[in-house]
Amino acid sequence: MPEIPSAYNPKATEDKWYKLWESKKLFHAEPDPKRKPYTIVIPPPNITGILHMGHALNDTIQDIIIRWRRMQGWNAEWLPGTDHAGIATQNVVEKMLAKEGKKRQDLGREKFIERVWQWREQYGTTIISQLKRLGCSCDWDRTRFTMDEGLSDAVNEVFIRLYEKGLIYRGNYIINWCPRCQTALSDEEAQHKDLNGLLYYIKYPVKGEKRHVTVATTRPETMLGDVAVAVNPKDERYKNLVGEILILPLMNREIKVIADDIVDPEFGTGAVKVTPAHDPNDFDMGRRHSLEPIVVMDPDGSMSKNAGDYAGMDRFEAREAIIEDLKEMGLLEKIDQHAHSVGHCYRCHTVVEPYLSLQWFVKMKPLAKPGIEAAKSGKIKFYPERWSKVYLDWMENIRDWCISRQIWWGHRIPVYYCRKCEKATEGKKGIIVARSKPQKCPDCGGTDIVQDEDVLDTWFSSWLWPFSTFGWPDKTKDLAYFYPTSTLVTAQDIIFFWVARMIMAGYEFMGDAPFRDIYIHGTVRDETGAKMSKSLGNIIDPIEIIDEYGTDALRFSIISITAVGQDVFLSKEKFQVGRNFANKIWNASRFVMTNLSEDVDTDLCVLYKSADLTLADRWILSNLYSTLEDLEKALESYRFSEAANLLYDFIWHKYCDWYLEIAKSRIKEKNTQVILYKVLEKSLRLLHPIMPFLTEEIWSILPHKRDSIMIQPWPHLQKDLIDKKVEEEMDLAIGIITAIRNIRAEVNIPPQKTCKAIVVVDSEKKRTTIDKSLDYIKNLGRLESLEVTDKLKRPKASSVAVFGDCEICVPLEGLVDIEAEKKKMMSKAGELEKYVKSIEAKLNNKNFAERAPKDIIDKEKEKLSEAKVSLEKLRENLKRLES
RNA sequence: GGGCGAUUGGCUCAGUUGGUUAGAGCGCCACAUUCACAUUGUGGAGGUCAAAGGUUCGAAUCCUUUAUCGCCCACCA
């Protein structure tokens, strides 16, 4: 056997194995009616994205699930792909053009889109190669892109079907407008941030009188578009004002005072300016009172020609100018501090403007209905469960979805207009919704037909992802087999954007939920709790971590610190845990392999039944399978950190710390070798979903000839090998060994020096148990001799510890520090006394005796008698020490 | 305004249906280096589980209130 390096080297292994898996098509799945599918679709990362810790967490979790299910025998399909990310990508390419001193308009639509595709070719697949470095076992043969032909067809099909059903409409409404991106946004894309703003109180004079009405506003610049002032009809202060005419300052426009229930008399002055073109409430009010909106802003956020003297100014400049002018005119009553939340563009963080414009919308209420029922009935389940409430709250209060975007990169809206009809009717006539450009207008036969300039919201393609990727609207074999998918893994921030909408689309177009389980993991934050983001500069680059610590270290570390539903706080040091663990396994494997001399390929169960196994043998097997039992439960309920920590504890603190150490003295025995080998081999399988590269590397140098570990069967849970009695017996041995080590450390016996020990135990049962573990105690306690007796013949100079009803005594050759011994034992005795008293108090409590269940009482009694025995032994020893 | 989450040793967190003398990792202290691994081993110190009240025989765990921090939602003019 060639020499195995003494440290695990991820760099030398990862690439090699990933290439092998890919070349053998181990990630690929085909429909197979004989096997059950387990499907996951990836949350498609943006083509502009580079791998960040959020992806690392998200995709590691998916890979763990899919690798585990694959080993369990499911036909596992993890479908990958990317999202065209309309606004984000367009912004990136526009920035690039800006460096050349160009705007997208200089290129024209067609050339610009060409440039975006070019950009995508060049940079848009970075994230894919990064996912490969993360070890993701995605079925790359099925990689999809939201702008692929098939997926684009699906988008058109959906648009047309919804339109024909009356669920898509076009209209003039207030939407969120980003003046920088110059496009409409959906409500979800406008992110509200709390800001300390100002509330301006402005006097509006009553026509022909000296009186005035004061209104309060946070956006004075919109007053130029005011068409009325509203008060609450029940507000006594303004009762006689309703119907009066006011003069709108700066514009000198006559506007009416109207009464409307929506006005809150408590807020501001109780009188509110009505600006239907720039505020959603005012828009509704305007409709109720038949007031024409006046748009005073242009799409770029500058004041429009309707803004009088302020036309052409930027909106914020105009705000200041208006306040100055009002001040001069004596119409500014006061300015208050006012905390409120303001919408920002989720792509460029510009303050968005509520803006009246002609857009396309999806009527959501009817679509939401089945999705609401599905969550309520448990057909779809959120993990952790609390997200179900968040989802339902949103679904039950759902609002229509603005889907048109005034950008170029995306799916162009499949709507055509007949110029002739449009001019003639301005109504629905002349709108042609079609898969491709019609030759003639069906209404008038006209041929001057143009397509809608706008594209669809990015999420209008991603909400179809679970089925469009499998070929929908065609009834493909893939679709029939892999849909509905099994589990969706994602973060909380896209529950509304994506998860909820996928559920709606799934029911509408497939008649079934797109997935059963939704696992929502936490947000990745830095050690101070701030969200990791490029702009904050607190990013930890996963690729850097992979280079420094290895992929498996990254995966293990991030998983082990991710408690269910809790956010993840990361710092670089935390990745050492995974690296150290990888190295530990590496070295344990190295030890096992260099010591194998026998044929170890024996079945464990056969061995268990036929051979006379030692206590330690039975103990490690029992532990292996109870770990497996817990591990499966953890994985099934998406408790990944628990899964990772179970394996960590078993491999490090059971297998390495105890079994392997015990095995060293019997390393030539066949049974020992078999168990060392078999437990390692099974542990590697259990660990493979979390640490794929390390386990594959070790797998490849194990003395057997088998295929990749990733297609090995998941170990079968052997419940009859779990033996609680064996675990108790071993606990006794471990307790005694620890007590001896403790004494040795306290009296400074150097580790390399052996010593004697005496174990005193009354009970015959325990005596037999200890006899089974004599070797372990001797070896791991580094004893030259061990005496087990029922009577203490305490040598004068010795140190004693008590473990349960066992006394452990280490005779010392030199002098013992009697005082130190006494102190140690007295403090131990003190602790025990307190403990005994607390149990006694409990047992003496009548209520406890009467009401507690019997098994609890028995347990307490047992604890008490054990503690009493220990205490008594301690006291005896103390007495002897004093005499 | 409504909702959710967090608060446990110096740090980061576990603690599943209430029944342990409250656990782990990191850090710290002491000792150990031909014997798989210093990316290590052995031992140790360190916590009245944010506060107050309540339910219960029994509360870190359930209920109420409060405080601090974080997040989400809302037609906050």
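The shown structure was predicted, so the numbers you read here are calculated from the model rather than taken from an experiment. In what follows, chains are A, B, ... by sequence order, proteins preceding strands, each numbered from 1.
The residue A:Arg399 sits close only to the backbone: its heavy atoms come under 4.0 Å of sugar-phosphate atoms, none of a base. Using a 4.0 Å heavy-atom criterion, one finds that A:Arg639 contacts the bases of the nucleic acid, with or without backbone contacts as well. Residue contacts shown for A:Tyr549 are absent, as no nucleic acid heavy atom lies under 4.0 Å away. Among the heavy atoms of the strands, none lies under 4.0 Å from A:Val592. Nucleic acid contact for A:Pro750: none, since no nucleic acid atom lies under 4.0 Å from a heavy atom of the residue. A:Arg579 comes within 4.0 angstrom of a nucleotide base, judged by non-hydrogen atoms across all strands.
Partner A:Val229 forms a side-chain contact (heavy atoms from CB on, under 4.5 Å) with one of A:Val263, A:Ile255, A:Val274, A:Val272 and no other, that one being A:Ile255. For the ring pair (Phe, Tyr, Trp, His ring centres under 6.0 Å) criterion with A:Tyr519, the lone passing option out of A:Tyr638, A:Tyr383, A:Trp387, A:Phe382 is A:Tyr638. Considering A:Leu783, A:Val747, A:Ile743 in turn, A:Leu783 is the only one that fulfils the side-chain contact (heavy atoms from CB on, under 4.5 Å) rule with A:Cys755.
Atom CG of A:Asn595 and atom P of B:C37 are 12 Å apart (whole Å). Atom CZ of A:Arg744 and atom C1' of B:G44 are 16 Å apart (whole Å). Taking atom CG on A:Asn397 and atom P on B:G3, their separation rounds to 14 Å, with Å as the unit. Atom pair A:Ile736:CD1 and B:G43:C1' shows a separation of 18 Å (rounding to whole Å applied). Rounded to whole Å, atom P of B:C35 lies 22 Å from atom CZ of A:Arg666. Distance, A:Lys273 NZ to B:C76 P: 15 Å, rounded to whole Å. Regarding A:Lys664, its NZ atom lies at a distance of 10 Å from the P atom of B:U42, rounded to whole Å.
Taking 3.5 Å as the limit, the base of B:A36 and the side chain of A:Glu661 contain a donor-acceptor pair of atoms between them.
For the OP1/OP2 pair of B:U21 and a distance below 4.0 Å, the side-chain nitrogens and oxygens of A:Lys863 include at least one atom meeting the criterion. At least one side-chain nitrogen or oxygen of A:Trp652 sits closer than 4.0 Å to the OP1 or OP2 atom of B:G41. In this structure, A:Asn580 does not reach the B:C37 phosphate: none of its side-chain N or O atoms is under 4.0 Å from OP1 or OP2. Side-chain N/O atoms of A:Lys574 include none lying less than 4.0 angstrom from OP1 or OP2 on B:G25. Phosphate proximity of B:A24 to A:His653: absent, as no side-chain N or O sits under 4.0 Å from OP1 or OP2.
Along RNA chain B, the nucleotide nearest to A:Asp187 and the one nearest to A:Asp657 differ in position, and the one closer to the 5' end is contacted by A:Asp657. For the pair A:His340 and A:Trp387, nearest-nucleotide mapping onto RNA chain B gives the more 5' position to A:Trp387.
Taking every side-chain heavy atom of A:Tyr648 into account, B:G25 is the closest of B:U16, B:G25, B:A36. Each of B:C76, B:G43, B:U39 was ranked by its minimum atom distance to the side chain of A:Asn742; first place goes to B:G43. Closest to the A:Ser341 side chain, of the nucleotides B:A36, B:C76, B:G19, is B:C76. For A:Val577, the listed nucleotide lying nearest its side chain is B:G25; candidates were B:G25, B:C37, B:A74. For A:Arg741, whose side chain is taken as the heavy atoms from C-beta onward, the closest listed nucleotide among B:G43, B:A36, B:G25 is B:G43. Closest contact between the side chain of A:Lys389 and the listed nucleotides B:A32, B:C73, B:G3 involves B:G3. Each of B:A36, B:U16, B:C76 was ranked by its minimum atom distance to the side chain of A:Phe267; first place goes to B:C76. Closest approach to the A:Tyr835 side chain among B:A36, B:U21, B:C76 is made by B:U21 (side chain taken as heavy atoms from C-beta onward). For A:His338, counting side-chain heavy atoms from C-beta on, the closest listed nucleotide (B:G43, B:C76, B:U16) is B:C76. Nearest nucleotide to the side chain of A:Arg386, out of B:C73, B:G5, B:C71: B:G5.
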(Q) Let's go through A:Arg288 and A:Asp284 carefully: what are the C-alpha distance in whole Å and the side-chain angles of both, what is the deciding distance for salt bridge (charged side-chain N to carboxylate O under 4.0 Å, His left out) to 0.1 Å, and is it a yes or a no? (A) CA-CA 6 Å; A:Arg288 282 197 288 274; A:Asp284 293 342; 5.1 Å; no
Q) What do the steps show when you test A:Leu554 against A:Met53 for side-chain contact (heavy atoms from CB on, under 4.5 Å), and what is the final call? A) CA-CA 10 Å; A:Leu554 168 74; A:Met53 278 298 171; 3.6 Å; yes
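A gap of 16 Å separates the P atoms of B:U56 and B:C63, to the nearest Å. Comparing B:A59 with B:A14, their P atoms are spaced 24 Å from each other, to the whole Å. Rounded to whole Å, the P atom of B:U8 lies 14 Å from the corresponding atom of B:U61. Separating the C1' atom of B:A24 from that of B:C49 is a span of 15 Å, rounded to the nearest Å. Across the P atoms, B:U21 and B:U65 are found 32 Å apart, a figure rounded to whole Å. A gap of 11 Å separates the P atoms of B:U42 and B:G25, to the nearest Å. Only the C1' atoms considered, B:C26 is 14 Å distant from B:G46, to the nearest whole Å. Of the P atoms belonging to B:G9 and B:G47, the separation is 10 Å, rounded to the nearest Å.
In A:Glu636, the CD atom is crowded: over 12 heavy atoms of neighbouring residues, nucleotides or ligands sit closer than 6.0 Å. Around NZ of A:Lys203, the count of heavy atoms belonging to other residues, nucleotides or ligands within 6.0 Å exceeds 12. For A:Lys193, the NZ atom counts as densely surrounded, since its 6.0 Å shell holds more than 12 non-hydrogen atoms of other residues, nucleotides or ligands. Remark: A:Lys824 NZ is packed, more than 12 non-hydrogen atoms of other residues, nucleotides or ligands lying under 6.0 Å away.
By the 30° and 60° cut-offs, the orientation of the rings of A:Tyr648 relative to A:Trp652 is tilted. Taking the six-membered ring where the residue is Trp, A:Phe496 and A:Trp394 present parallel rings, their angle staying beneath 30° rather than reaching 60°.
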Q | Pairing string, 5' to 3', for RNA chain B - Watson-Crick or wobble contacts under 3.5 Å, brackets [ ] where pairs cross, | to another strand | A | (((((((..((((.....[...)))).(((((.......))))).....(((((..]....))))))))))))....
